Colleague: 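Dropping a structure here in structure tokens format, bear with me for questions.
Quick note: residue numbers are just sequence positions, from 1. Every value quoted in this text rests on a predicted model; they were computed, and no experiment measured them.
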Amino acid sequence: MSEAGPGDLDPARRAALARQLLGALRSHRAGSRAEPRGSLARGTADAYSDIDLRWIVPDGRFADCVAAVPELLGTVRHVASLRVDPELGNSRSRRLLFVDFDGLPLFWRLDLEIVALSVANRPGNDQDNPAARSDDWSRPASALANAVAAVKALLRGRPETARGLLERGFARIGVADTLSGDWFTDITRLAEAAAAIEPARGPLAARVVRLAAEHRTELGRTELGRPGR
């Protein structure tokens, strides 16, 4: 399917998915609550915005709820990939999960924050706690997320943001690279480099390249220092 054709980016379709996800989370565990956050909560989301949700769960069920997420989300839509923010990978009260679904635009990644009830209103998010950090994470998957975010930034007319995302993506996988200035080429190189390092990410990398190809005309209109549209 098209990664992001005009019909695929209908905000009403994304809103319907968000409602389904919220319903699945709320019904899974008594005493929990789920709510939108970020641009969806503020009403400022555009067609490219991802789906930011928060699931507040009873403290004693935190680990169980985290473990249940893949199967739970799968009841709504088949999960293509799921990764954990390494800054909170070992936290006992907060996790941040990044989820891509099959058959949906890559722009519409689910960023699911899971929070124990006792810390839900507490300042900070455990990212300053060294014990919360996990080293078990995929750098190539993170680099591919940067590539998707770079396409999004370019479509929003933010080339400086896109450049930073691509530079950090190459650095994350230890590939010394100088950006050529051709956005499609640079995004493709990053995706292919990530897949070469971790072949299991090949299908996701192919989707990233397809996404960039479908927006190649728009990407070509955006140069550093000059808005494209």
Colleague: If you look at every heavy atom in V79 and L73, which pair is closest and at what distance?
Modeller: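 Smallest interatomic distance, heavy atoms only, reads CG2-CB, 4.0 Å.
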
Colleague: Within the 4.5 Å heavy-atom criterion, are S138 and E198 side-chain neighbours or not?
Modeller: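 Sidechains of E198 and S138: in contact.
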
Colleague: Is there side-chain contact between R109 and V148, with at least one heavy-atom pair below 4.5 Å?
Modeller: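 They are not in side-chain contact.
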
Colleague: May I ask you to decide if D102's main-chain N or O and R77's side chain share a donor-acceptor pair within less than 3.5 Å?
Modeller: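 Flag set: sc R77 to bb D102 pair under 3.5 Å.
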
Colleague: Do you reckon L155 sits in the same ILVMFWY cluster as F184, going by side-chain contacts under 4.5 Å, direct or chained?
Modeller: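 In one cluster with L155: F184, no.
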
Colleague: Given the rule in the side-chain contact (heavy atoms from CB on, under 4.5 Å) test, do L204 and L106 qualify, once you have shown the distances and angles that lead to the verdict?
Modeller: CA-CA 9 Å; L204 177 57; L106 284 172; 3.9 Å; yes

Colleague: How about V151 and W183: do any of their side-chain heavy atoms sit closer than 4.5 Å?
Modeller: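 With C-beta onward as the side chain, the pair stays apart.
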
Colleague: Are the charged groups of R221 and E218 less than 4.0 angstrom apart, N to O?
Modeller: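 Not counted as a salt bridge, because no side-chain N and carboxylate O are separated by less than 4.0 Å.
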
Colleague: Is it true that S49 and R156 share a donor-acceptor pair across their side chains at a distance under 3.5 Å?
Modeller: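 A pair is found: one side chain offers a donor N or O, the other an acceptor, under 3.5 Å apart.
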
Colleague: side-chain contact (heavy atoms from CB on, under 4.5 Å), that's the test. Do L190 and F170 meet it? Break it down for me.
Modeller: CA-CA 6 Å; L190 177 56; F170 280 115; 3.7 Å; yes

Colleague: When you group the ILVMFWY residues by side-chain heavy-atom contacts below 4.5 Å and let the links chain together, are L154 and L165 in the same group?
Modeller: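 Per the 4.5 Å side-chain linkage, L165 and L154 are not co-clustered.
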
Colleague: To the nearest 0.5 Å, what is the distance between CG on L96 and CZ on R83?
Modeller: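 If we round to the nearest 0.5 Å, L96:CG and R83:CZ are 9.0 Å apart.
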
Colleague: Look only at the side chain of R29 and the backbone of D64, and say whether a donor-acceptor pair between them is shorter than 3.5 Å.
Modeller: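 Side chain of R29 to backbone of D64, a donor-acceptor pair under 3.5 Å: no, none is there.
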
Colleague: How many angstroms lie between atom CG of D52 and atom CG of L40, to the nearest 0.5 angstrom?
Modeller: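 Going from the CG atom of D52 to the CG atom of L40 covers 6.5 Å.
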
Colleague: Might you point out which heavy atoms bring P203 and P199 nearest each other, and give the distance in Å?
Modeller: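 That closest heavy-atom pairing would be CD-O, 4.4 Å.
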
Colleague: Given D50 and W108, is the side-chain contact (heavy atoms from CB on, under 4.5 Å) satisfied, shown in steps?
Modeller: CA-CA 4 Å; D50 53 18; W108 292 356; 5.9 Å; no

Colleague: Rounded to the nearest 0.5 Å, how far does CG of L110 lie from CG of L82?
Modeller: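 One finds 8.5 Å between CG of L82 and CG of L110.
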
Colleague: Any side-chain heavy atom of D8 within less than 4.5 Å of one from P105?
Modeller: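 Yes, their side chains come closer than 4.5 Å.
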
Colleague: Going through the checks in order, is the side-chain contact (heavy atoms from CB on, under 4.5 Å) test met by H28 and V57?
Modeller: CA-CA 10 Å; H28 177 75; V57 303; over 6 Å; no

Colleague: Looking at OH of Y48 and CG of L9, how far apart are the two atoms once the value is rounded to the nearest 0.5 Å?
Modeller: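 Between Y48 OH and L9 CG, I get 6.5 Å after rounding to 0.5 Å.
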
Colleague: Linking I/L/V/M/F/W/Y whenever their side-chain heavy atoms sit closer than 4.5 Å, directly or via other members, would V209 and L166 fall into one cluster?
Modeller: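 No; tracing contacts between hydrophobic side chains, which count when under 4.5 Å, never links both residues.
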
Colleague: In Å, rounded to the nearest 0.5 Å, how long is the span from CG of L211 to NZ of K152?
Modeller: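 Output value for this atom pair is 10.0 Å.
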
Colleague: Please tell me if the side chains of V115 and W55 come closer than 4.5 Å, counting only heavy atoms from C-beta onward.
Modeller: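 Of all side-chain heavy-atom pairs linking W55 with V115, none is under 4.5 Å.
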
Colleague: State, to 0.1 Å, how close R189 and T178 come at their nearest heavy-atom pair, and which atoms those are.
Modeller: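 Heavy atoms of R189 and T178 come nearest at NH2-O, 3.3 Å.
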
Colleague: Does any N or O in the side chain of D59 come within less than 3.5 Å of the main-chain N or O of S118, such that one atom is a donor and the other an acceptor?
Modeller: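 Yes; judged by distance alone, with no hydrogens or angles, the pair exists.
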
Colleague: My understanding is that only one of D186, T185, I187 makes a side-chain contact (heavy atoms from CB on, under 4.5 Å) with L179; could you say which?
Modeller: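 For L179, the side-chain contact (heavy atoms from CB on, under 4.5 Å) test succeeds with only one of D186, T185, I187, which is D186.
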
Colleague: Mind checking whether P58 and L117 have side chains closer than 4.5 Å, heavy atoms only?
Modeller: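 No, side chains not in contact.
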
Colleague: If every non-hydrogen atom of G169 is compared with every non-hydrogen atom of N146, which pair is closest and at what distance?
Modeller: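 Heavy atoms only, the tightest pair is N-ND2, 3.5 Å.
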
Colleague: With a 4.5 Å cut-off on side-chain heavy atoms, are L25 and L112 touching?
Modeller: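 When only atoms from C-beta onward are counted, L25 and L112 do touch, with a gap below 4.5 Å.
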
Colleague: According to the interplanar angle, ranging from 0 to 90°, do the rings of F107 and H215 count as parallel (below 30°), tilted (30 to 60°) or perpendicular (above 60°)?
Modeller: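 It falls in the tilted class, 30° to 60°.
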
Colleague: Would you name the heavy atoms of A205 and A191 that are closest together and state the gap between them?
Modeller: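 Distance-wise, the nearest heavy atoms are CB-O, 3.5 Å.
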
Colleague: Would you give the length of the straight line joining atom CZ of R26 to atom CD1 of I56, rounded to the nearest 0.5 angstrom?
Modeller: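 One finds 10.5 Å between CZ of R26 and CD1 of I56.
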
Colleague: Taking the side chain as every heavy atom from C-beta outward, state whether L88 and E113 have any pair of such atoms under 4.5 Å apart.
Modeller: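 No, side chains not in contact.
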
Colleague: How close do R172 and S142 get, heavy atom to heavy atom, and via which atoms?
Modeller: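 The pair with the smallest heavy-atom distance is NH1-OG, 2.8 Å.
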
